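We count residues from 1, following the sequence as given. These figures come from a predicted structure and were not determined experimentally.
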Amino acid sequence: MNISDTSKSKPKYNMWQNTAWMVKIAWRAHKSVLFLVLASALASVSITTAQMLIAPVILSRVEETAPLRELCLTILAFALLLILLNGLNGYIGENTIFGRILVRVKIISLINQKNASTSYPNLLDTAFIQAEKKAMYAAEGNNKAAEAIWDTWKDILVAVMGFLVYLGLLSGLNPWLLLLVTFTAIVGYIVNKKVENWSYEHRQEESAYSNQMNYAKNVMVDRKFAKDIRIFGLTDWIEEVWENSYRLYRAFQVRRERRRLWITFADMMLSLLRNGAAYAYLIWLALSEGLSASEFLLYFNAISGFAEWIRLLLEQFGTLNTQSMDLSILREFLEWPEPFCFEEGKPLPGDRNGSYELTLEQVFYRYPEASEDTIRGVDLTIRPGEKLAVVGINGAGKTTLVRLLCGFLDPTQGRVLLNGQDIRQYDRRQYYRLFSTVFQDFSVVDATIAQNVAQKAVQIDEGKVLRCLDMAGLKEKVLSLPKGMDTQIGRSIYEDGIELSGGETQRLMLARALYKDGPVLVLDEPTAALDPIAENDIYLKYHEMTKGCTSLFISHRLASTRFCDRIIYMDHGQILEEGTHESLLAAQGEYARLFETQSQYYAGGGTQHGEE
């Protein structure tokens, strides 16, 4: 299935614009692709022309009663020419693939760059996600538009050159015959497209039957279903599902093949009309004007070839149009609008001394397609150097609040301010540099421990890595490993890689945040995967970790935030209470009620780490 065809909107770019775009990329990435397309087309049309001429030329030598030596030399000359041309064409084909792949890889790189650098709200947009999938579809293989377009253009050039060569050979014949050949070729192309169009229009029906059959087959042979099949006696049921799907699939194939049969018959009749007319006309020339056998053969082959060039030209322009739609979707993804300012934004005011004040001013936020606001009218100022805790039950809006403060999201109403200035005006990538973060969802890559902490492959300050691992409580574990900080994490790439536990991974992420040493440290449920002893160890080191920076500690466990300067309690996207741990308990509000509930749970033997 061609993904681009699922879109009903008109493509932004046509086939000529997309071809020009591909030529521009190829010129920058690997110029040889363009020259080799032309060279391959010339070699291909030369081979076809030589193959067409060989029999008539040899036959003409026979008619002229040429000496055997001359006849053999003619055959040898054609044989050597074909060997040379086929060898050249093969050499071009072998060498063109490397450049084409490099061009496609460049396009994949552009897609990846867009995906990795786009504004965060785009990643929450279903339309953007679908566009990224369609864009990658156009470049994910050798037979997809971003690479196959070169073969299409080669075939178009071959068809154009072949058409002109054969037209020159046939120019002396009756023009009505050429019109008939052209007409039958075009009608034949249209007739054959009928089957293709019918199959395409019914592709979802065919896919549904095929998927049902494959699913039933896979259930039968998949080991994870083995116990259920035997215990519950599912064999007859699964076989019935497969047989019903097979009957429907077979009926679909019968309908398709009936149409194909009629199309084949129509195509055969058109060929009969074209060839019959050619035979009749050439026989008439032979009888009335003395057309030789070699000329008869030459013209008849040229007439057949002329029709094929027309068919090929129409077919390849149809293919080019399809590929162009894929490329247009790809380009539209690369040009997807950015809601944030990046390079065009103002540079961030430079101050690494921790004097950054963050303010939320009457902030509302609603996620795309959501029916309600997640954040509702929040006013909050975080002073430079302050240690702020944000607490509340799950779904209170804590993580969304963090995303707004970090600049991943812009409010649907209200403003986020940095030292009194709206952050929308700044280069958002510079704004991100202010934050060192530990999020709930980890992003560990298959690399060494040191590289994961430093987030780079070279010029790593190993002393600083070790200090950060120590503060995060992972130093002993790392030093106990045979390769220490050079130990690989993950086994997707490295066979000797290790797998860290959830708690160890969370400590590694904390070390990464500390290594970055941003002026604002954000910890979103940083101890969720830790046992109580490890969690307490983090709390004891919290003041050392946050020395000289502003910090936000987000948690749904109220006992974990008493060491912060200020606590805000959130519920349903609003700040209900704020103060110190002691003042909030004394107020006997929602914070105190929830703290009492959690305390009773812990005292009753429950774990400190409930469901997140």
### Query
Which residues pass the side chain to side chain contact (heavy atoms under 4.5 Å, CB included) test with Leu348, sequence neighbours left out?
Leu418, Tyr426, Gln430, Tyr431, Leu434

### Task
Flag the pair Arg61 / Leu68 as yes when at least one side-chain heavy-atom distance between them is below 4.5 Å, and no otherwise.
no

## Note on the structure
When rounded to the nearest 0.5 Å, the distance separating CG of Asn115 from CG of Leu110 is 12.5 Å

### Message
Taking Glu335 first and then Lys12, would you say they form a salt bridge - that is, a charged N and a carboxylate O separated by under 4.0 Å?
### Response
yes

### Task
Please check if atom CD in Gln425 has more than 12 non-hydrogen atoms from other residues, nucleotides or ligands closer than 6.0 Å.
yes

#### Entry: With sequence neighbours excluded, residues passing salt bridge (charged side-chain N to carboxylate O under 4.0 Å, His left out) with Arg247
none

### Message
Between the side chains of Lys134 and Glu332, is the shortest nitrogen-to-carboxylate-oxygen separation below 4.0 Å, so that they form an ion pair?
### Response
no

### Message
Can you tell me how the ring of Tyr249 sits relative to the ring of Phe252, calling it parallel under 30°, perpendicular over 60° and tilted otherwise?
### Response
parallel

### Summary
d(Leu312 CG, Ile156 CD1) to nearest 0.5 Å is 8.5 Å

#### Entry: Test: Arg331 cationic atom under 6.0 Å from Tyr13 six-membered ring centre, within 45° of axis
yes

Do any side-chain atoms of residues 211-219 form donor-acceptor pairs under 3.5 angstrom with protein atoms, and if so which ones, sequence neighbours left out?
| unit_1 | atom_1 | unit_2 | atom_2 | d |
| --- | --- | --- | --- | --- |
| Asn211 | ND2 | Ser207 | O | 3.2 |
| Asn211 | ND2 | Ser207 | OG | 3.2 |
| Gln212 | OE1 | Ser245 | OG | 2.9 |
| Asn214 | ND2 | Ser210 | O | 3.3 |
| Asn218 | ND2 | Asn214 | O | 3.1 |

What pairs of donor and acceptor atoms, side-chain ones from residues 36-60 against any protein atom, are under 3.5 angstrom apart with sequence neighbours left out?
| unit_1 | atom_1 | unit_2 | atom_2 | d |
| --- | --- | --- | --- | --- |
| Ser44 | OG | Ser40 | O | 2.9 |
| Ser46 | OG | Leu42 | O | 2.7 |
| Thr48 | OG1 | Ser44 | O | 3.1 |
| Thr49 | OG1 | Val45 | O | 2.8 |
| Ser60 | OG | Val57 | O | 2.5 |

### Message
Could you work out, with side chain to side chain contact (heavy atoms under 4.5 Å, CB included) as the rule, every residue matching Ile493, not counting sequence neighbours?
### Response
Asp446

### Task
Decide if atom CZ of Phe183 counts as having more than 12 heavy atoms of other residues, nucleotides or ligands within a radius under 6.0 Å.
no

### Message
According to salt bridge (charged side-chain N to carboxylate O under 4.0 Å, His left out), who are the partners of Asp151, at least two apart in sequence or on a separate chain?
### Response
Arg100

### Side-chain touch Asn18/Leu320, heavy atoms, less than 4.5 angstrom
no

### Query
Taking only residues two or more places apart in sequence or in another chain, which ones pass salt bridge (charged side-chain N to carboxylate O under 4.0 Å, His left out) with Asp125?
none

### Query
Can you list every pair that meets ring pair (Phe, Tyr, Trp, His ring centres under 6.0 Å) and has a residue in residues 14-56, with sequence neighbours left out?
Trp16-Trp153

### salt bridge (charged side-chain N to carboxylate O under 4.0 Å, His left out) assessment of Arg428 paired with Glu338
CA-CA 11 Å; Arg428 195 60 62 97; Glu338 296 291 348; over 6 Å; no

### Message
Taking the side chain as everything from C-beta on, heavy atoms only, tell me whether Asn143 gets closer than 4.5 Å to Glu147.
### Response
no

### Query
Please, which pairs that meet ring pair (Phe, Tyr, Trp, His ring centres under 6.0 Å) have at least one residue in residues 115-134, sequence neighbours excluded?
Tyr120-Phe408, Phe128-Phe333, Phe128-Trp336

### Message
Show, in sequence, the C-alpha distance, side-chain angles and deciding distance for Val33 and Trp150, and conclude whether the side chain to side chain contact (heavy atoms under 4.5 Å, CB included) test is met.
### Response
CA-CA 8 Å; Val33 170; Trp150 305 117; 3.7 Å; yes

### Message
Going by ring pair (Phe, Tyr, Trp, His ring centres under 6.0 Å), name the pairs with one or both residues in residues 300-332, residues two or more places apart or in two chains.
### Response
Phe163-Phe306, Tyr166-Trp309, Tyr279-Phe300

#### Entry: Those residues that, when tested against Asp222, pass salt bridge (charged side-chain N to carboxylate O under 4.0 Å, His left out) (two or more places apart)
none

### Query
Near Lys346 NZ, under 6.0 Å, is it more than 12 heavy atoms from other residues, nucleotides or ligands?
no

### Query
So which pairs with a foot in residues 56-115 pass ring pair (Phe, Tyr, Trp, His ring centres under 6.0 Å), sequence neighbours left out?
none

